Each structure stands twice: as C-alpha cells, then as structure tokens.
Amino acid sequence: MTATKSVKLQVISDCEGQHIEQQFTGEWFVKGPHNYIRYSETDPNMGRTVTTIKVEPEQIRIIRHGDIQSEQTFVLQAKRIGFYQTAQGKLELDTFTHSIKVELKDFAGTLAWSYDLYVSGELSGTYYLSATISRA
C-alpha cells in the first residue's frame with residue numbers, strides 16, 4: 001500500500017525577467033525509490049490538467065495529463081527530448097539541464113533546477129524553477 005500525504009506547493013519560475021509564483025494543494029506519494037507530487041493546474045489556460053512531478057534518484061520529470069499533455073525530463077548536464085500537446089497540435093520541447101537540487105524528507109522539502117528550453121529546435125530561454133513543498 002502506498003502512503004499518500006496532502007501537501008502544499010509553492011512553485012516559482014523565472015525566465016529572462018518574467019517571475020511567476022503559483023500556489024497549489026496536491027498529494028505526495030512514494031513508489032519504490034521514486035517520489036511523486038501531483039496537483040491540478042489552476043491556470044485557466046491549462047484547462048483541466050493534472051501535473052505530476054516524478055523525482056527519481058538522478059532526474060526530475062514533469063508529466064501533464066488532461067487538456068494539456070506534456071512531458072519534460074531534467075537530467076544534470078544532459079539534453080532530453082520532450083513534448084507539449086494541446087488540441088491545436090504538438091510541439092517538441094528539448095531541455096538541457098544546468099543544475100538540479102533535490103532536498104526531500106518526510107513529505108516536505110525543495111526541488112530546484114535550471115535549464116535551457118528549446119521549442120522545435122529553437123532556444124526559447126533559460127528557466128529557473130523551484131518548488132517548495134510542505135505538509136498541508
């Protein structure tokens with residue numbers, strides 16, 4: 001049986017002067033060596049979309065299901081191919097990860113990473129993300 005805890009998330013994204021802070025309530029569960037943090041998107045542009053952050057020993061994956069389908073993988077000093085799909089079509093999203101910091105313990109902690117985002121092969125920008133997680 002997998003233990004599930006209710007959590008609060010504060011997600012901060014910075015890219016070239018644009019600073020976005022979002023608050024979510026979600027759930028955290030553990031399967032084997034992986035931690036999963038799942039929450040529903042609140043941005044109206046995302047529609048009914050559920051986001052899952054999968055924290056593995058050497059990487060972070062962001063998986064979205066619902067009105068928006070996407071997947072991005074972040075591995076330190078590596079390029080990974082992902083995608084972003086809406087009703088209008090599908091875009092290839094490649095990431096090159098500069099840094100990853102994972103500090104998780106007892107269903108609380110911080111995730112932080114920075115990466116270059118390439119959309120259909122073109123550099124879109126360098127992003128800095130952090131997620132602070134606490135028990136709800």
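Note that the structure is predicted; figures quoted are calculated from it, not measured.
The same ILVMFWY cluster, assembled from side-chain heavy atoms under 4.5 Å apart, contains both I68 and F24. A chain of hydrophobic side-chain contacts below 4.5 Å, direct or via other Ile, Leu, Val, Met, Phe, Trp or Tyr residues, connects Y84 to I62. Cluster membership check: L117 does not share its hydrophobic cluster with V75, using side-chain heavy-atom separations under 4.5 Å among Ile, Leu, Val, Met, Phe, Trp and Tyr. Criterion: ILVMFWY side-chain heavy atoms under 4.5 Å apart, direct or through other members. Under it, I63 and Y39 are not part of a common hydrophobic cluster. Side-chain heavy atoms closer than 4.5 Å link hydrophobic residues (I, L, V, M, F, W, Y) into clusters, and following such links, even through other members, never connects Y118 to L129.
Taking CD1 of I100 as the reference point, atom CD of Q59 lies at 8.0 Å (rounded to 0.5 Å). Atom CD1 of I53 is separated from atom CZ of R61 by 13.0 Å, given to the nearest 0.5 angstrom. For the atom pair K54 NZ and T52 OG1, the distance stands at 10.5 Å (nearest 0.5 Å). Rounded to the nearest 0.5 angstrom, I133 CD1 and K5 NZ are separated by 15.5 Å. The distance from the OH atom of Y128 to the SG atom of C15 is 9.0 Å, given to the nearest 0.5 Å.
Within 6.0 Å of CD in Q23 there are more than 12 heavy atoms belonging to other residues, nucleotides or ligands. Summarising the local packing, CD of E122 is surrounded by 12 or fewer heavy atoms from other residues, nucleotides or ligands at distances under 6.0 Å. No more than 12 heavy atoms of other residues, nucleotides or ligands lie within 6.0 Å of NZ in K8, so this atom counts as exposed by the packing criterion. Annotation: E21, atom CD; neighbour count of heavy atoms from other residues, nucleotides and ligands within 6.0 Å is above 12.
For the pair E92/I81, a side-chain contact is recorded, criterion being any heavy-atom separation below 4.5 Å from C-beta on. Within the 4.5 Å cutoff, the side chain of F96 has no heavy atoms near those of the R80 side chain. A 4.5 Å side-chain heavy-atom check between L104 and L111 finds at least one atom pair inside the cut-off. Contact check for N35 versus F107: no side-chain heavy atoms found under the 4.5 Å cut-off.
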Item to complete: Start with the C-alpha distance between T51 and E41, add both sets of side-chain angles, then the distance that settles side chain to side chain donor-acceptor pair (under 3.5 Å), and finish with yes or no.
Response: CA-CA 7 Å; T51 296; E41 291 287 345; 2.6 Å; yes
